[in-house]
There are 2 protein chains.
Amino acid sequence: MTRIVDVARRAGVSTATVSRVLNGKSVRPALAAAVHDAVAELGYTPDRTARSLRRRHSETVALVLPDVENPFFTAVARGVEDAALAAGYSVVLCNTDDRADKEDLYLTVADVENMAGVVLAPADAHPAIDRLVERGRSVVVIDRRVAHDVDQVTFDNRALGHRAATALLDRGFRRIACVTGPATTSTAVDRAEGWRAALHDAGLAADDDLLVHANFRVDGGYDAIGTLLGRSPAPDAVVATNNLAGVGVLRALADRHGGPVPAPAGDGPDGPGLGVGVIGDLPFATSRTSDVALVPLNPRGLGTTAARLLLERIAGSDAPARHLVQEIGDGTDAVAPARPA
Amino acid sequence: MTRIVDVARRAGVSTATVSRVLNGKSVRPALAAAVHDAVAELGYTPDRTARSLRRRHSETVALVLPDVENPFFTAVARGVEDAALAAGYSVVLCNTDDRADKEDLYLTVADVENMAGVVLAPADAHPAIDRLVERGRSVVVIDRRVAHDVDQVTFDNRALGHRAATALLDRGFRRIACVTGPATTSTAVDRAEGWRAALHDAGLAADDDLLVHANFRVDGGYDAIGTLLGRSPAPDAVVATNNLAGVGVLRALADRHGGPVPAPAGDGPDGPGLGVGVIGDLPFATSRTSDVALVPLNPRGLGTTAARLLLERIAGSDAPARHLVQEIGDGTDAVAPARPA
DNA sequence: TTGCACGCTGTAATCGATTACTGGCAGGCT
DNA sequence: AGCCTGCCAGTAATCGATTACAGCGTGCAA
């Protein structure tokens, strides 16, 4: 292992000078050149651990997610990883299973490991990030809004719900149900609100019968179809407000009578078909998705945006906390400042 | 930040004693108790960075994967994470996109970051792990076999291929094609070999026409169906040797005539249906999977097994390199030693 | 009683990079 | 000439935990 002293000796300078050259402080050109030569000859890379000890923070960021097995979050992870890596940071991945206690654990780990920062998709509306923030660690919250005064990046969830419902309205459906997540998550609530607003805008009632608070997993969507088909009158279409609920809905329909229908007229042989709208992407769909009204998201963009904010904080920005809205149009990753609440 | 000296002062002992208590060396019980009290009162946690500097390796393991967006690998990641976390290690995730250059980069990062070890699903048969091994870092290779003398955990891929083909034979199919991955990966080759053997065992010819070397992604499976339907005589069923190729196959069939058929008799309205067998799981399938002959895997078990081996190495085991075969029966994570090659 | 061995504890060195502080030198000003 | 300023480079302190080494006390044997 070559150390900084080896480089210093070889270049005929002090370790301080080597350090300065490597960190871009001003040094006489001749010495800088000698240092660079020595570094190249010895193949020297600074020891990250020693550097972290001295600098009091590491070059690692934590990405704390409810569920890495959800393709939405894996895409987020890719985005974070891309941006972080380009800046020389590594990403450690942490799964909370949507449980506050595991989340706390990981946030503590991030703290005692002196990680440079945390990107957090919180399990509930009150993540334990205050201590981290007080200690000067950078934190960016994504996907779900929280009341804390930290940087946040979310989608315009109300607009997403509105758009999904409108797409089904445009296809001619009239009695449109909504399968959303727990009422405790802002994402679930906001998307459902958008759905409701779209129905109102179309002059239709958003019957409470038609709103199901399930969970954001496959089984939630699956079971919700059972519930909804028991309503009378039954809906003629359903909006699933996230990808996994959408998978569950589609699988339930496939198990019953062959899948979603593109328009109200298209009754299948096994009963009246349901139209389906899904907020999110279905990268592993095993059926035709052209009959589904998809409102694609841009989770990877969400990840890169969050990482960018985080890196700015790590670099020392002390601007007031920002709340960005991740744009989704056509997979670009443009970002708009949040509407004033 | 409370440091070890604070604890030492409070307990009225030296830092050496505190360290020894915390690391389980023998210390007079009275002092140990005092240290424990002080630790509890101050809420002390040792600084991992400082510890890593001194111990010359960190408490982090790298998990280097071709593609975290593939549900198979995310499940592997969960397994590794569970086991590593239980042992107090963090996991950093690295995406190689199946490219050797990115893989090299990450392996180098793992080295210069003094990571305790690496779990690697290699992009090709010759990962650059020799330098890591020489430097005494622990390495476990998973999923694909390599010629290096390191611990490896794989599935019995030949048996998997055999089983998938046999399942289709049992359903009455006779002209069974195979869509597998690049001929450069042992996994793709072995599974195809199993497919071929099953046909031979049934007294059928494994026509070269029916073996497609695609890639292990969705588009590979999708396009392969186009190729196979152009053969004459066309196959009556197809084995996809990994999950994503399976997704592609199913989606291609859905786009053409409504999906897989459970048996050769079941011609659909839009043409002769194909039977489908898939090695792997389809957690995000949006169609009925009961018509698909699934050979489920146990990627999470693969991950925990690999992590277990890795942790043993990190703890200092210098047993000869092991090659384990991950069992898949019923989702358990039992492990058998490899058959002698 | 003296000597030796053993076991526990404390002091201080160590891991490797960063950086506060000090000192030297050059150039400009009075 | 004498003084001050500013720039640059080197020395050494520093981050916090671990551990080699030394010292001390106890107990046993001669």
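Below, chains carry the letters A, B, ... as their sequence lines are ordered, and counting in each starts from 1.
No more than 12 heavy atoms of other residues, nucleotides or ligands shown are found within 6.0 angstrom of CG on B:Asp149.
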Mind running side chain to side chain contact (heavy atoms under 4.5 Å, CB included) on A:Leu65 and A:Tyr106 for me, showing each step along the way?
CA-CA 10 Å; A:Leu65 299 175; A:Tyr106 280 113; over 6 Å; no
Between A:Arg3 and A:Asp6, is the side chain to side chain contact (heavy atoms under 4.5 Å, CB included) condition met? List the steps.
CA-CA 5 Å; A:Arg3 293 154 313 160; A:Asp6 303 324; 3.4 Å; yes
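Salt-bridge formation is not detected for the pair B:Asp82/A:Lys102: no Lys NZ or Arg NE/NH1/NH2 atom is positioned less than 4.0 Å from an Asp or Glu carboxylate oxygen.
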Below 3.5 Å between N/O atoms, which protein atoms pair up with nucleotides 16-19 of chain C? Just atom names and distances, please.
unit_1, atom_1, unit_2, atom_2, d
C:dG16, OP1, B:Arg56, NH1, 2.8
C:dG16, OP1, B:Arg56, NH2, 3.2
C:dG16, N2, A:Ala50, O, 3.4
C:dA17, OP1, A:Tyr44, OH, 2.6
C:dA17, OP1, A:Asp47, N, 3.3
C:dA17, OP2, A:Ile4, N, 2.4
C:dA17, O5', A:Tyr44, OH, 3.4
C:dT18, OP1, A:Arg51, NE, 2.6
C:dT18, OP1, A:Arg51, NH2, 2.9
C:dT18, OP2, A:Ser19, OG, 3.1
C:dT18, OP2, A:Asn23, ND2, 3.4
C:dT18, O2, A:Arg54, NH1, 2.7

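Note: CG (A:Asp6) to P (C:dC15) measures 11 Å, nearest angstrom.
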Using atom types as modelled, flag every donor-acceptor pair under 3.5 Å from a side chain in residues 312-321 of chain B to any protein atom, sequence neighbours excluded.
unit_1, atom_1, unit_2, atom_2, d
B:Glu312, OE1, B:Arg322, NH1, 2.6
B:Arg313, NE, B:Asp151, OD2, 2.6
B:Arg313, NH1, B:Ser317, O, 3.2
B:Arg313, NH1, B:Ala319, O, 2.7
B:Arg313, NH2, B:Asp151, OD1, 2.9
B:Arg313, NH2, B:Asp151, OD2, 3.3
B:Arg313, NH2, B:Ala319, O, 2.9
B:Arg313, NH2, B:Pro320, O, 3.2
B:Ser317, OG, B:Ala319, N, 3.3

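At D:dC8, one or more side-chain N or O atoms of A:Ser26 fall inside 4.0 Å of OP1 or OP2 (strictly under the cut-off).
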